[in-house]
Enquirer: 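Have a look at the structure that comes next, please.
Proteins come first, then strands; the chains are lettered A, B, ... in the order of their sequence lines, and each starts at number 1.
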Amino acid sequence: MIVAQTCMLRDLFWKNGQCIRWQMMKRLSKLLYKHCSRKRDIWTANNLSVEDQATPEHMPINVFCFGTLAQEFSDSVEKEDLLFLTGFALVKSPTVKYDKRYICHLELFEEKGSTVFVCKHATAAVHEDVTMNSMKKGENQTVEKNLKYAYSKINELKPGMLANIYGVVTFFKHPFLSKGTDYCSTLTITDQTGGKLSCNLFNEKQDALPQIYKTGDIVRFHRIKIQQFQGELRGITNVGFSALTFDGRMGSPVSPRTSSKSYHFSDEDRRIVEQLRQWTMEQSLILEPTLKLSEVQPQQFFDLICQLVAKAEMDRSSTLLKVWDGTKCLYPIHKVQVDGEVLEGNPALIFELQNISVDIMAYDNHTEVAKCLKPGAYVRIYNLHAKLQASTGSDPQSSKCIEFYLHGGTSYGRGIKILPEDCYDVKELKKVLESAELSSNNYLSDCTLLGISSPLNELADNKEKIYTRLERCQEESVTVLTSHQHMEKAPLINVKTCKPPQKFCIRAKVESYEPKRLYQCVKLYCPTCKTLQEVPDEDDIAHVLQEASKKPLNSKLHNMSWYNTVLFDKKNQDVNKIALHFLDFEDVVQDPEKTLILTERVTLNEINQLSRKFGYIILVTSTEEKLTLLDLSAPFLIQGQLRHYGCKHCSDVQDINCLQQLTTHQSWSASTISQILGIHLLHYVFMIKLTLKDETASVDAMLWEEAEKFFKFRAAEVIASEVLQEQLELTMNMLCPKEKNPDTHPWFECCIKSYSSEDQIVSYQIFDTVLAEKI
DNA sequence: GCTTAGGGTTAG
């Protein structure tokens, strides 16, 4: 529990004898603009709408927090939190007409004694008891200590309820894209009461829907809305819905699968899950829909847990999957004729497993997922059909064989799911695959004995297991995600079609990149006005210096109180001198690398020489009465090999005499110097456009804000270092080899976010991704 | 701004 302002529970304000209990519906509503009379109010007022669950019509009310309370509140509150509001003013709402909310709104000011209590992860039902009791007793205790969720039994559900329930999944469909904006998952659950509840779960993110692997899994739903539909009750996602999924097998770890960042899970929850498991087993509720290939009978529909050996795109609506599960089908199996070139997979392994693998045709909506699979992946195929082939030959009995189809559509939960390697089913599968390999090796030795020439003699000696050799086919990416590794990889078509802003993890190839001339990848960026510009080239700088050196030196400005001046003759030109003005002259000999000098009439070449010796060089020119900086087209400060530029739009250049403030070299740095001179420093940044492509689409993604983290070196260093320039070139050539078919490029996994600019153009940027160490 | 789906086999 977070208390926005210290206050004891017994001090809670009571109105008409009732404590006001609100469930927050929306976080900092976007209606803010509409509600605030002046634009600057936005920064001081937070608006949210809350729903009083006690009112039958679920009428939301607007609440405004002002001043410091607004800030504290917005920092601590999240969707679904339970709020206690005290000391508020009840004001007639001017927005009733269009927001259709409660006729009054609440206004809270800290200075007027308003208080907001924010309670995390609570349910209203339980909260009421806890709060009321606490208040009656006048105890100053936190609510969290007593926080407990109340779960409804399925047969006790009533329309209109916002329920917390546990249940065993008896049916489910994988998340699929609905005709609306969200992904949809349909499932049915039951519990010890025998009641059944079908649910329609929606979320714009596929990963946010419950991760159900099989019927028999156990789910926990919080805040699911119960509705009536065609005479039956339905559960539907509502604001604040959250879900946990558990394996339904007795004895397996009670560890929830969820996309929630935080969730409440107690011993009581563990007990409920274990009781449901026990009950499911006793009832023989779930008929195991999974079969081994050796158990398959013709005409059956079943689930298959297997490893992908190879795949081939047959046409637009069908993909061939060659899989094995370590057992051999007892019936003759139809082999799909496919050109070896289209077949993606290791030819040696395909050959090695030819007698034990089966061909599956995945149709229509399943081709999308099938195409994304990599040989070596472990998958569960739901509702696979072992269809008996129509007889063709003269002897109908003998020619019949089984064809495996994953038909189009989603009925009966039909689909494909990639299984994580550490899941129970995969561990079990590996055991079977391992024992199957022994016999397949026996088969190989027979071949050798019989003198049959085979490319596998060599492989037979290889101790490495076939399934791990297959796993290796899932080529590694040249990049590493620094977080979100658990997120499912989204096809690029999703990235393109989902409304921004969104975040995704993707796996693709770099088809091309821009700019091709890599030195142009580094730009100058002004964090103040957010503009980008090219780094001036040597010619541009030389030109500015040349113009400046046309101005004569002014001896009146030499040897002032805060600098000492030394004049040098230019080569063979007596009249053409350059001037160096030294700050902190005593230190020059001792610590030249810490010295700050102002230079006049120098050439680029001379600057390069001077910068090797002196720490900081500021380029100046003389006027009649003072030294001034050069045009900001040139760098105003040189620090070793680094050239610092100022923003022409944002800088308000100050008199050079301000530099007197710099008393010791301890205070010299690019940022302090630029600050004193009123210059807004431009930052060196990478700006590279990568065209990423997978089977579904191509997307132009910028490598920008996190590019330095990605490459693990700084943009400013690249400008100054030929070694790094070379390294950058090598890296880009590795990501996207020139003159090669993009399909042969390495895999590029990254996190990508979409956002739209003011002019509604959607852009994509790479984040939380770095180059892999080994490359 | 706020619906979407609302289980019940393809027909290759």
Side-chain angles (χ1 to χ4, degrees), chain A residues 25-26 29-31 33-34 49 51 58 60 98-101 159 167 169-190 196-206 208-210 212 214-215 224-241 286-287 289 298-304 312-321 334-338 359-367 370 381-390 392 401-416 497-500:
Chain A
M25 279 181 70
K26 284 187 180 175
S29 162
K30 283 182 182 170
L31 295 170
Y33 272 94
K34 291 182 189 169
S49 73
E51 180 182 275
H58 291 251
Y98 59 83
D99 65 17
K100 305 269 194 314
R101 290 178 186 161
V169 177
T170 57
F171 168 80
F172 74 102
K173 274 187 183 182
H174 302 280
F176 59 95
L177 198 53
S178 74
K179 284 177 187 149
T181 56
D182 294 339
Y183 282 90
C184 173
S185 180
T186 307
L187 54 89
T188 305
I189 56 171
T190 185
K196 279 198 168 183
L197 183 72
S198 289
C199 304
N200 295 119
L201 310 180
F202 297 99
N203 200 294
E204 55 181 359
K205 285 176 191 148
Q206 201 172 350
L209 290 166
I212 295 159
K214 57 196 283 191
T215 51
I224 190 163
K225 194 166 189 169
I226 309 299
Q227 292 180 334
Q228 186 111 25
F229 177 74
Q230 293 185 343
E232 288 187 340
L233 293 182
R234 299 271 160 162
I236 190 156
T237 37
N238 192 49
V239 176
F241 172 83
I286 305 299
L287 291 172
Q299 308 288 35
Q300 268 180 319
F301 284 90
F302 65 104
D303 288 6
L304 179 68
E313 279 184 56
M314 305 302 284
D315 56 55
R316 263 186 178 199
S317 66
S318 64
T319 300
L320 164 69
L321 301 176
H334 174 71
K335 288 278 171 189
V336 177
Q337 291 304 309
V338 58
D359 289 351
I360 295 170
M361 291 296 289
Y363 286 100
D364 307 334
N365 51 321
H366 309 299
T367 58
I381 301 176
Y382 298 80
N383 196 235
L384 189 58
H385 186 189
K387 191 171 189 276
L388 205 55
Q389 195 184 35
T392 46
C401 61
I402 288 180
E403 291 176 292
F404 290 102
Y405 287 124
L406 182 65
H407 295 294
T410 59
S411 35
Y412 280 83
R414 213 176 291 139
I416 304 173
T497 50
C498 280
K499 206 175 156 197

Enquirer: Between A:Lys499 and A:His385, which has a closest nucleotide on DNA chain B that is more 5'?
Expert: A:Lys499
Enquirer: Determine whether the aromatic ring of A:Tyr405 stacks with the base of B:dT10, defined as ring centroids separated by less than 5.5 Å and ring planes inclined by less than 30°.
Expert: no
Enquirer: Would you kindly give the CG-to-C1' distance between A:Asn383 and B:dG8, to the nearest whole Å?
Expert: 11 Å
Enquirer: Does a side-chain N or O of A:Lys173 approach OP1 or OP2 of B:dG6 to a distance below 4.0 Å, or not?
Expert: yes
Enquirer: Between A:Tyr363 and A:Phe229, who's closer to the 5' end of DNA chain B by nearest nucleotide?
Expert: A:Phe229
Enquirer: Describe the nucleic acid contact of A:Thr181 in one word from base, sugar-phosphate, nothing, applying a heavy-atom distance below 4.0 Å.
Expert: base
Enquirer: Parallel, tilted or perpendicular: which fits the ring planes of A:Phe302 and A:Phe404, with parallel below 30° and perpendicular above 60°?
Expert: perpendicular
Enquirer: Quantified in whole Å, what is the C1' atom distance between nucleotide B:dT10 and nucleotide B:dG6?
Expert: 22 Å
Enquirer: So if I take every side-chain heavy atom of A:Ser198 and compare against B:dA5, B:dG12, B:dG7, which nucleotide ends up nearest?
Expert: B:dG7
Enquirer: Can you label the angle between the A:Tyr382 ring and the A:Phe172 ring as parallel, tilted or perpendicular, going by 30° and 60°?
Expert: perpendicular
Enquirer: Within 90° of 0 counts as syn, otherwise anti: where does B:dG7 fall?
Expert: anti
Enquirer: Which nucleotide wins on minimum distance to the side chain of A:Asn200, given the candidates B:dA5, B:dT4, B:dG12?
Expert: B:dA5
Enquirer: Which is true for A:Ile236 with a 4.0 Å heavy-atom rule: it touches a base, it touches only sugar-phosphate, or it touches nothing?
Expert: base
Enquirer: Using a cut-off of less than 4.0 Å, is there contact between a side-chain N or O of A:Arg234 and OP1 or OP2 of B:dG7?
Expert: yes
Enquirer: Of all the choices, B:dA5, B:dG12, B:dC2, which nucleotide is nearest to the side chain of A:Phe202 once you look at every atom?
Expert: B:dA5
Enquirer: Report yes or no: do A:Ser198 and A:Asn200 form a side-chain donor-acceptor pair below 3.5 Å?
Expert: no
